[in-house]
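Positions are given from 1, in the same order as the sequence printed here.
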Amino acid sequence: VDYFLDVYNSDNAPMNLVFFGDCIQHLSRIARVLAQARGNAMLVGVGGSGRRSMARLGANMNEQKTFSIEISKNYREKEFHEDIRTLLRKSAIDNEQLVFLFSDTQIVKESFLEDLNNILNTGEVPNLFDDNEVNSITSNMRPIAQAAGLPATKVALYSLFVKRVRKNVHMALCMSPLSSEFAARLRNFPSLVNNCTIDFFAEWPEEALRSVAKNTLDTIELGDDKVKE
């Protein structure tokens, strides 16, 4: 895992992580889930438990790129749909393995979860693309279909687009069980449970706290080892 962290840090904004037993178990689970066909993860834990860091590193271990949204003051459904269009196009037309990293703190409107529920369930969001965008998608998919010896009708081309989205898009959803809306959201959007493997981030054990403390104190001059202990 130290090697994989070095690889990640050489290509991305560096993460300063301390790998203790629990952390390595979560990382292994997440990497294994994201490596599976249509593998999606729901990471349940409080903020600061390392869910996003583990998801980013787990994706990188599988040579998958992480895709996330940037919430701004005016970020609404229109902006979210534009980001989703970008995600789906990249995954299907450019054939990129992408992990969509999404947190419950980014839920500006509940309709965001409805869209994610649809992608988990069918690989598409109803009425996301207008006619011109569908025509652009099918024209981009045509050479891909021809190379694979598949029919090049409009319906078949769009179906191939959706099939590649389902193959290439993985989700890592970071949810907090402390949220009053958590249980209701799972009831309202069943694919969040049915189509995701759930990993619970429990309270850090003492071993974890000691590992992080030791790693931090090693960089500070405090006198002898007894003081540090």
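Annotation: ring-ring contact (aromatic ring centres under 6.0 Å, His included) contacts involving residues 108-138, sequence neighbours excluded, comprise Phe80-Phe112, Phe129-Phe161. Applying the salt bridge (charged side-chain N to carboxylate O under 4.0 Å, His left out) definition to pairs two or more places apart or across chains, those involving residues 173-193 are Glu110-Arg185, Glu181-Arg185. Each salt bridge (charged side-chain N to carboxylate O under 4.0 Å, His left out) pair with one or both residues in residues 90-100, not counting sequence neighbours, appears once here: Lys65-Glu96. Within the structure, no pair that satisfies the salt bridge (charged side-chain N to carboxylate O under 4.0 Å, His left out) test touches residues 150-162, not counting sequence neighbours. The stretch residues 19-41 participates, sequence neighbours left out, in these salt bridge (charged side-chain N to carboxylate O under 4.0 Å, His left out) pairs: Arg29-Asp199. Judged as a side-chain hydrogen bond (donor to acceptor under 3.5 Å, both in side chains), the pairs with a partner in residues 211-221 (not counting sequence neighbours) are, in order, Lys214-Asp218.
Partners of Arg85 under the salt bridge (Lys or Arg N to Asp or Glu O under 4.0 Å) rule, at least two apart in sequence or in another chain, are Glu82, Glu133. When the salt bridge (Lys or Arg N to Asp or Glu O under 4.0 Å) test is applied to Glu114, no partner is found at least two apart in sequence or on another chain. Glu70 pairs by the salt bridge (Lys or Arg N to Asp or Glu O under 4.0 Å) definition with nothing, not counting sequence neighbours. Under the salt bridge (Lys or Arg N to Asp or Glu O under 4.0 Å) criterion, Glu79 pairs with no residue at all, not counting sequence neighbours.
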Side-chain donor-acceptor pairs under 3.5 Å in residues 5-16, sequence neighbours left out?
residue : atom : partner : partner atom : Å
Asn9    : OD1  : Met15   : N            : 2.8
Asn9    : ND2  : Met15   : O            : 3.2
Ser10   : OG   : Val7    : O            : 2.6
Asn12   : ND2  : Tyr8    : O            : 2.9

Counting only pairs under 3.5 Å, give me each side-chain donor-acceptor contact of residues 48-60, with atom names and distances, residues two or more places apart or in other chains.
residue : atom : partner : partner atom : Å
Ser49   : OG   : Val46   : O            : 2.6
Arg51   : NH1  : Gly45   : O            : 2.8
Arg51   : NH1  : Met175  : O            : 3.0

